Structures are given as C-alpha cells and as structure tokens.
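What follows is a single structure, written as structure tokens, with notes after it.
This is a predicted model, so every value here is computed, not measured. Numbers restart at 1 for each chain; the letters A, B, ... are given by sequence-line order, proteins then strands.
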Number of protein chains: 2
Amino acid sequence: MKLTSKGRYAVMALVDLARFNNINPVSLRDISLRQGISLDYLEQIFSKLRKKEIVQSVRGTQGGYILNRKAKEIKLTNIFDAVDEKVKTVQCKKDSKKGCNGRSTKCLTHNLWDELENHINNFFEEKSLEDLIKDNIERRV
Amino acid sequence: MKLTSKGRYAVMALVDLARFNNINPVSLRDISLRQGISLDYLEQIFSKLRKKEIVQSVRGTQGGYILNRKAKEIKLTNIFDAVDEKVKTVQCKKDSKKGCNGRSTKCLTHNLWDELENHINNFFEEKSLEDLIKDNIERRV
DNA sequence: TAGATACTTGACTATTTTAGTCAGGTTTAT
DNA sequence: ATAAACCTGACTAAAATAGTCAAGTATCTA
C-alpha cells in the first residue's frame with residue numbers, strides 16, 4: 001500500500017507554490033529546483049491541477065502558476081483527485097467477476113475494505129493546504 | 001494508493017479460516033475454492049503467515065492450517081506485516097538522496113506523510129480478526 | 001521585433017511491481 | 001502404497017510507475 005510519486009509530488013509542489021506565492025506567479029522551474037522534481041514531470045502534474053482549477057497559469061516571461069483558490073479551500077482530496085491518485089482497496093466495484101460475486105461465502109471482508117477506504121479518505125478530506133503550511137511554520141518556530 | 005491482492009487475500013483467507021476452523025484444520029484447497037484464490041498463490045501467502053506464527057500447519061492427509069493465536073489477538077497489522085504489505089508514503093527513510101535531504105526548503109511535507117502513515121497504521125492496529133468475524137455475523141442477522 | 005522565459009501537449013519508454021504459474025518436492029493418515 | 005495436503009523456489013506476463021523527449025504556443029522585456 002503506497003502513495004505514488006505523482007500524488008506526493010503534487011502536494012509537495014503545491015505547498016511550495018503556496019509558500020512562495022506572494023505577488024508573482026511561481027515558475028515550475030523554481031519548484032523543480034527547490035523540490036528536486038523533474039521539470040517535465042511537474043508539467044504533467046500541473047496540467048492536471050490546472051484542468052481541475054486548483055491552479056491558474058500565467059504564460060510568458062515572469063509567468064508561472066498561482067493558486068486558484070484559497071489554501072484553506074484546497075483539500076488533499078482535491079489534489080489527489082486531480083492527479084488520479086485514488087484509494088483502492090478492492091476490485092469488486094469495477095469488475096464484478098473478481099472479488100465478491102458468485103462465491104459461496106460471498107465477500108466476507110467487503111465491509112472492511114469499505115471502512116478502510118473511508119478511513120483514509122477522511123484524512124484527505126480534512127487536511128487543507130493551509131493546514132500544511134501552518135504546520136510547517138509552527139515547526140520552524 | 002492501493003492495497004495489493006496479497007494483503008487482501010491474506011485477510012480474506014484468514015477470515016475464512018477462522019470461520020471454518022472448528023476442530024479440524026482447514027485445507028488451502030477449501031479456502032481456494034470458497035474464496036476464489038489460486039491454490040499456488042495461497043501457498044505462498046500461508047508460508048509467510050506460518051513463518052510469522054499467525055497460523056500453524058498440519059501436514060498429511062486431512063491436514064491444513066489452524067490459527068496459532070486467538071482471533072482477538074491477530075490484528076490486521078500482524079497480517080499485513082507477515083505478507084510484506086507495508087504502508088509507504090515516501091522514500092525518505094530508506095533512500096536519503098531522494099525526498100528530503102539536501103534541498104533548500106527541506107521536506108516541507110515530511111510531517112504530513114508521517115501523519116498519514118500513522119493514520120492508516122492505527123486502523124490496522126485496532127482491527128482484529130475477531131472484529132471482522134463478529135462484524136460479518138452481525139450483518140447476516 | 002527578436003529572443004528568452006515559461007507554459008502546453010502528446011507520445012514514448014525503461015524499470016519495477018504485481019499477481020500470479022509451474023515444477024518438483026516432503027509429510028502423514030488411511 | 002497412495003492420495004491428500006503442505007512446502008519451496010524459480011520463473012514470467014502484464015500492468016503500473018516514473019519519468020523522458022520533442023515540438024510546439026504565449027507573453028514579457030530590451
């Protein structure tokens with residue numbers, strides 16, 4: 001059970017963006033250098049974040065990205081959703097042949113996996129970008 | 001972020017085992033048929049469960065497996081640990097080059113990933129095999 | 001208006017992980 | 001003896017991951 005780097009990078013990049021987002025947009029190049037993430041990969045990630053209206057792009061020289069909503073209103077769940085990072089415990093939902101159906105004792109653990117998914121998703125729904133930044137500042141002090 | 005089938009199957013198989021474990025050991029063949037999991041794959045999984053002393057094997061005809069501890073004392077975390085299903089959010093811990101170190105703004109989200117891991121692991125530490133069986137029986141009634 | 005900076009898009013690919021299979025054992029009840 | 005069941009290690013196809021690469025377009029600044 002692991003988080004993919006796409007989801008992790010997306011969060012890292014947005015925290016970076018939120019912290020350095022004073023007046024000017026932040027370029028991916030800067031984020032790439034600061035966070036050690038390949039520029040090309042960041043571009044893929046930000047393309048998705050833009051489509052989900054989490055960031056706005058500013059083209060041209062001195063361009064970059066800015067947050068499209070307040071940090072408080074961007075939850076982890078929005079970010080993960082944008083980059084297709086999903087919590088999947090089981091195939092049952094998509095593929096009815098595998099998993100549950102047609103077995104004599106049915107899916108004895110079906111309920112467990114639902115609970116687990118909810119447990120994890122709750123965490124993602126509660127945490128906002130603002131929480132992360134605050135948390136980080138507090139730790140420095 | 002997804003659960004692998006090895007972890008899922010291990011739990012499914014153990015719930016099955018616990019339910020059908022009256023006096024006699026339960027054969028993998030039966031579990032395989034009831035849960036729709038390949039026998040060869042189950043053997044791999046049970047080999048690991050045995051090494052971690054979660055189950056005991058009974059060889060020979062009429063053999064099979066029995067739980068090595070009370071269902072109450074087998075937590076999900078023990079099961080996942082046995083089959084190498086780990087919660088990993090980040091590489092920092094193993095590979096110091098990637099992730100945190102040497103970056104100018106350090107790992108802004110390091111704390112987040114730790115929190116996430118703990119959140120998930122707590123779930124696994126609290127749930128026992130007994131909980132799963134009880135839960136299942138209640139639902140039938 | 002030339003050139004640099006930075007966003008935009010889509011195709012491509014090496015590596016790793018997953019989810020098994022397969023083959024050949026050993027043990028023990030009947 | 002023999003069949004049922006455990007035991008072990010090697011192997012592999014397919015999928016997912018984690019990117020790279022190439023060829024743009026838009027906009028600011030000198």
Side-chain angles (χ1 to χ4, degrees), chain A residues 1-10 12-13 17 20 24-33 35-52 54-66 68 80 83-91 94-95 97-99, chain B residues 1-10 12-13 17 23-33 35-52 55-66 68 80 83-86 88-91 94-95 97-99:
Chain A
M1 182 148 224
K2 66 171 202 270
L3 196 68
T4 66
S5 73
K6 203 163 232 167
R8 188 156 34 86
Y9 287 170
M12 287 167 66
L17 175 57
F20 290 89
N24 303 317
V26 180
S27 73
L28 291 190
R29 193 173 158 278
D30 286 352
I31 296 177
S32 165
L33 291 172
Q35 301 300 326
I37 303 168
S38 130
L39 180 58
D40 283 316
Y41 205 21
L42 273 179
E43 278 167 353
Q44 276 186 41
I45 292 168
F46 273 75
S47 163
K48 292 177 183 228
L49 293 174
R50 192 172 57 84
K51 276 174 191 151
K52 292 285 183 168
I54 290 170
V55 295
Q56 259 190 344
S57 68
V58 179
R59 301 187 73 152
T61 315
Q62 304 300 319
Y65 286 91
I66 53 174
N68 197 31
F80 286 146
V83 298
D84 300 310
E85 176 87 45
K86 284 182 195 116
V87 178
K88 279 192 289 186
T89 53
V90 95
Q91 273 79 16
K94 284 196 175 171
D95 179 1
K97 274 185 296 180
K98 281 228 165 192
Chain B
M1 180 147 226
K2 66 169 203 272
L3 196 70
T4 66
S5 73
K6 204 164 231 166
R8 189 157 33 88
Y9 286 170
M12 286 167 66
L17 175 57
I23 305 146
N24 302 317
V26 179
S27 73
L28 292 190
R29 194 174 158 279
D30 287 351
I31 296 178
S32 165
L33 290 172
Q35 301 300 326
I37 303 168
S38 128
L39 180 59
D40 283 315
Y41 204 22
L42 274 178
E43 276 168 355
Q44 276 186 42
I45 292 168
F46 273 76
S47 163
K48 292 177 182 227
L49 293 174
R50 191 173 57 84
K51 278 174 191 151
K52 292 287 181 165
V55 295
Q56 259 190 345
S57 67
V58 180
R59 300 188 74 154
T61 315
Q62 304 302 318
Y65 286 92
I66 53 174
N68 198 31
F80 286 146
V83 297
D84 300 311
E85 176 88 45
K86 283 181 195 117
K88 279 192 289 186
T89 54
V90 95
Q91 273 80 18
K94 285 197 174 170
D95 179 1
K97 275 185 294 179
K98 281 230 164 189

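Taking atom CG of residue B:Asn24 and atom P of nucleotide D:dC6, one finds them 13 Å apart after rounding to whole Å. Per the geometry, CG belonging to A:Leu42 stands 19 Å off P belonging to C:dT5, to the nearest Å. To the nearest angstrom, P of D:dC6 lies 14 Å from CD of B:Gln56. Across the protein-nucleic acid pair, B:Glu43 atom CD and D:dA10 atom P stand 17 Å apart, rounded to whole Å. As rounded to whole Å, 14 Å separates atom C1' of D:dC6 from atom CG of B:Asp30. Whole-Å rounding puts the A:Leu39 CG to D:dG24 P distance at 19 Å. Whole-Å rounding puts the B:Ile31 CD1 to D:dA5 C1' distance at 12 Å. Between the NZ atom of B:Lys48 and the P atom of D:dG9 there is a distance of 11 Å, given to the nearest Å.
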- request: Check the pair A:Leu3, A:Phe80 against side chain to side chain contact (heavy atoms under 4.5 Å, CB included), reporting the backbone distance first and the verdict last.
  value: CA-CA 10 Å; A:Leu3 196 68; A:Phe80 286 146; 4.0 Å; yes
Derivation and outcome, side chain to side chain contact (heavy atoms under 4.5 Å, CB included), residues B:Lys6 and B:Ile45: CA-CA 7 Å; B:Lys6 204 164 231 166; B:Ile45 292 168; 4.0 Å; yes
- request: For the pair A:Asp84 and A:Lys48, evaluate side chain to side chain contact (heavy atoms under 4.5 Å, CB included) and give the outcome as yes or no after the intermediate values.
  value: CA-CA 9 Å; A:Asp84 300 310; A:Lys48 292 177 183 228; 3.1 Å; yes
field: Residues A:Leu28, A:Glu43; criterion side chain to side chain contact (heavy atoms under 4.5 Å, CB included); working and verdict
entry: CA-CA 7 Å; A:Leu28 291 190; A:Glu43 278 167 353; 3.5 Å; yes
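A:Tyr65 comes within 4.0 angstrom of sugar-phosphate atoms only, judged by non-hydrogen atoms across all strands, and of no base.
Position along DNA chain D of the nearest nucleotide to A:Tyr41 versus B:Thr61 favours B:Thr61 as the more 5'-ward residue.
In this structure, A:Leu17 CG and A:Phe46 CZ are separated by 5.5 Å, a value rounded to the nearest 0.5 Å.
Checking C:dG20, D:dC6, C:dA6 against the side-chain heavy atoms of A:Arg29 singles out C:dA6 as nearest.
Put simply, A:Ser27 has no side-chain N or O that comes within less than 4.0 Å of OP1 or OP2 on C:dT5. OP1 or OP2 of D:dA18 has at least one side-chain nitrogen or oxygen of A:Ser5 nearer than 4.0 Å. Of the side-chain N and O atoms in A:Tyr9, none sit less than 4.0 angstrom from OP1 or OP2 of D:dT17. For B:Thr4 and C:dT17, the shortest distance from a side-chain N or O to OP1 or OP2 is not below 4.0 Å. For C:dC7, neither phosphate oxygen OP1 nor OP2 lies less than 4.0 angstrom from any side-chain nitrogen or oxygen of A:Ser47. Between A:Arg50 and C:dC7, a side-chain N or O to OP1/OP2 separation shorter than 4.0 Å is absent.
Judged by distance alone, with hydrogens and angles left aside, B:Arg59 brings a side-chain donor or acceptor within reach of the base of C:dT26, the pair sitting under 3.5 Å.
A donor-acceptor contact shorter than 3.5 Å is absent between the side chain of B:Arg29 and the backbone of B:Leu39. A distance-only check finds a donor-acceptor pair linking the side chain of A:Ser32 to the backbone of A:Ile37 [under 3.5 Å].
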Find every protein N or O atom lying less than 3.5 Å from an N or O atom of nucleotides 10-15 of chain C, and list the pairs.
none

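Closest of all the heavy-atom pairs between B:Arg50 and B:Ser57 is CD-OG, 3.6 Å.
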